[in-house]
Every structure is written in structure tokens, then in C-alpha cells.
Amino acid sequence: SQQGEEDPQALSIQEGENATMNCSYKTSINNLQWYRQNSGRGLVHLILIRSNEREKHSGRLRVTLDTSKKSSSLLITASRAADTASYFCATVEYGNKLVFGAGTILRVKS
Amino acid sequence: DAGVIQSPRHEVTEMGQEVTLRCKPISGHDYLFWYRQTMMRGLELLIYFNNNVPIDDSGMPEDRFSAKMPNASFSTLKIQPSEPRDSAVYFCASTLSWDEQYFGPGTRLTVT
């Protein structure tokens, strides 16, 4: 079974709004990563947060990690039509095992 | 660098045929990963190599699947014989560390 489970499965918002996606996982991790996949393309790494970090920012992206709840969230602020894509969380367990979640499909309407 | 290169981009074959997917990782990356993506099962790790050596092949579905990495700049994933349920997008990714993976564009395989 997949380690990371994203919520919601699909999200539709208007351009300019914020989009929040959540990821839950089951085991202890070394770090958690978020990736974006545009239709018909490979995944692109967005941001990484380590197990000893609680929050990280990169441009319009904000990631939080709560290891006690085994959960993470990805916030995209001031969304744009170009942010339309699938977003995946991936957990890296100790011992080098990387597992991807099922993904959240984000649609930003202009 | 051109990024991770995969070929072919699309493959249509008949059930029972052998299929070979190819991957050229980013130069200098010593980890290479093969993934399979389907609507039903999402993104699954099939196998990964470190310095050309297979480290974890627990995700390989069955004996019909095999992967090789004869040198640092080339890897193949072979399916023999292919079945319709193997239809998926197959991704290759490479990295220097486990902090970020670089994905290729994928090979869309259709087995009829």
C-alpha cells in the first residue's frame, strides 16, 4: 500500500485563490517531498522538508510537517492557471525507501 | 544537461511480444529508478540501482519484468512476454541523493 495518501483527491479553485493539499503517511521518515506532474509529463520536484523541520517556504509554496500526526500540507498561494497539475507527496524512509502517494489533481480556473 | 532521456516515448505492441524501454540518466547521478504509473495503482517503484547495481527490486511485478544497468549512462527495462495489464506509463528517474529525483518524460506503453 502507498505510504503517502493525499487529500483531497481533486481540487478546483479560481485563479488567485489559495490551494491546500494534505498528505498523511504511516511510518517514520527521513524527509518528505512534494512533486508536481503536468499532464503527459514526468514529475518535477517542488520542495523537500526534513523530519526535524516544521515549515518551509519556496516562492508561493509553503509546506508544513507534523511528525506527531504523520502529516504534511502543501499550500500554494495566489494560484495561477499554470499551477493546474497533479501534486504528489513522497516520503523517504530511513534505509532509503521512497514511496509516492496517490496524488491530488488541482485545477485552477481562470 | 539534457535531463533524463527515455525512449521510446510511445510503444504499442501486441500481447506476447517483448518490450524494451530505455533510459539515459543525468550524467554523474549514481542512483537510477524505474517507476510505473497507472490510474488504478498510481506511481509504483519497480526497481532502483546504485552505481549500476540493483539494490531493491521488490517492486518488480513478476518474472516477466527484468531491468539492467550495464553502465552508468544506460539502463533498460524489459517485459517478456508483455500482457495488456502491463499497459502504463513507465518513468525513469535519476539522482545524486535522496533529496530530489529527476524524472524523464516517460514511455507510454500500450499492449493490445
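We name chains A, B, ... by the order of the sequence lines, and we start the count at 1 in each one.
For A:L48, the part lying near chain B is the side chain, with the backbone staying farther off; criterion is any non-hydrogen pair under 4.5 Å. For chain A, the nearby parts of B:D99 are the backbone and the side chain; heavy atoms of each come within less than 4.5 Å. Using a 4.5 Å cut-off between heavy atoms, B:Q37 contacts chain A through its side chain alone, with no backbone atom that close. Looking at B:Y35, only its side chain comes within 4.5 Å of chain A, counting heavy atoms on both sides.
In summary, the aromatic rings of B:Y102 and B:H29 are positioned with their centroids under 6.0 Å apart. Ring centers of B:F33 and B:F103: at least 6.0 Å apart, outside the cut-off.
No donor-acceptor pair closer than 3.5 Å links the side chain of A:T67 to the backbone N or O of A:K70. Here the side chain of B:T76 pairs no donor or acceptor atom with the backbone of B:K78 at under 3.5 angstrom.
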